[in-house]
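FYI, side chains are in, hydrogens and waters are out, and symmetry mates aren't considered; it's all heavy atoms of this structure.
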Amino acid sequence: MQAIPYFLKDTADSWYQSLINKPQNFNAFKAEFLRYFSNNNSINCLVNAFTTMKQGETEAVIIYLGRFHRNLCQIQAIDTNYFTAPQILNQFICGLYSSILQHVCSLHPGTLQDAVTHARDFESAESETNHTQAVNLVMNGSSELDSKLEKFSELINKRLEGYLADNHAIYQPPQ
C-alpha cells in the first residue's frame, strides 16, 4: 500500500492525497478508486482536474484558455449550473502563471473576457520586452564578449610563455 502514491499522477494523486482515511489494503483502495473515478461520479474527476489546472510557465495564455474552456465544457455538459460566472472567472485567474496572475488581479477584471484580454496584453508586453532585451544583449554583449575573450587569450598566452620558458622551449604567439 505504501507504493500506491508513487504510481498516481495529476488528478488521481490529488484525490489520494485528499483522502482523510487512506485505504488499508489493495481491495479497499480499488473500491474507493472505482467509486470516485467511475462514470457515475465522473463530475468529481472533471471538477478536480478543472480546479487544479494551472498555466505552464512557458504556455501561452491562448493555449491555457483552450484547455480551460475544454474542461469547463465537459463539466457543463453534465451540469450547466455547477459553477457560477464569478467562480469561473476566479478559477481562470487562479490558474494563470504567477507573473500574469499578479498583473490581472491588479486590474480587478469583472468578466472572464476582461481577464483574458488583460492576460494576453500582459503576455504580449512581456514577449516584446524579452525580445528587446535579447536583441540588446546580443548587440551589446558581443563587444563585451570580444573584450573578455581577448583578455582571456592574453592570459593564456602569458601562462604558456612562462611554461615554455621554464621548460626551455621557444614559443611564438599567433599573429
Under 3.5 Å, which donor-acceptor pairs do the side chains of residues 79-93 form with other protein atoms, sequence neighbours left out?
from: D79; atom 1: OD1; to: N81; atom 2: N; distance (Å): 3.0
from: T84; atom 1: OG1; to: Q87; atom 2: N; distance (Å): 3.3
from: T84; atom 1: OG1; to: Q87; atom 2: OE1; distance (Å): 3.3
from: Q87; atom 1: OE1; to: T84; atom 2: N; distance (Å): 2.7
from: Q91; atom 1: NE2; to: T51; atom 2: O; distance (Å): 3.1

Give every residue pair that meets the salt bridge (charged side-chain N to carboxylate O under 4.0 Å, His left out) criterion with at least one member in residues 5-24, sequence neighbours excluded.
none
Atom pair [atom1]/[atom2] of [X] and [Y] - distance to nearest 0.5 Å:
X: N48; Y: M53; atom1: CG; atom2: CE; answer: 11.0 Å
X: L19; Y: S14; atom1: CG; atom2: OG; answer: 11.0 Å
X: E32; Y: N27; atom1: CD; atom2: CG; answer: 12.5 Å

With [X], which residues qualify under side-chain contact (heavy atoms from CB on, under 4.5 Å), at least two apart?
X: Q113; answer: T111, T117
X: K30; answer: F26, L34
X: Q55; answer: E59, V61, Y64, L96, Y97, I100, E123
X: L107; answer: H103, H118

Under 3.5 Å: donor-acceptor pair, side chain of R67, backbone of K54
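Looks like yes, one N/O pair under 3.5 Å.
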F33 and W15 aromatic ring geometry - parallel, tilted or perpendicular at 30°/60° bounds
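Perpendicular: the ring planes of W15 and F33 meet at over 60°.
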Could you report the tightest heavy-atom contact between P109 and A115, atom names first, then the distance?
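Heavy atoms only, the tightest pair is CB-N, 3.6 Å.
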Is it true that, when you exclude N25 itself, more than 12 heavy atoms of the residues, nucleotides or ligands shown sit nearer than 6.0 Å to its CG?
yes
Decide if atom CD of Q17 counts as having more than 12 heavy atoms of other residues, nucleotides or ligands within a radius under 6.0 Å.
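Enclosed.
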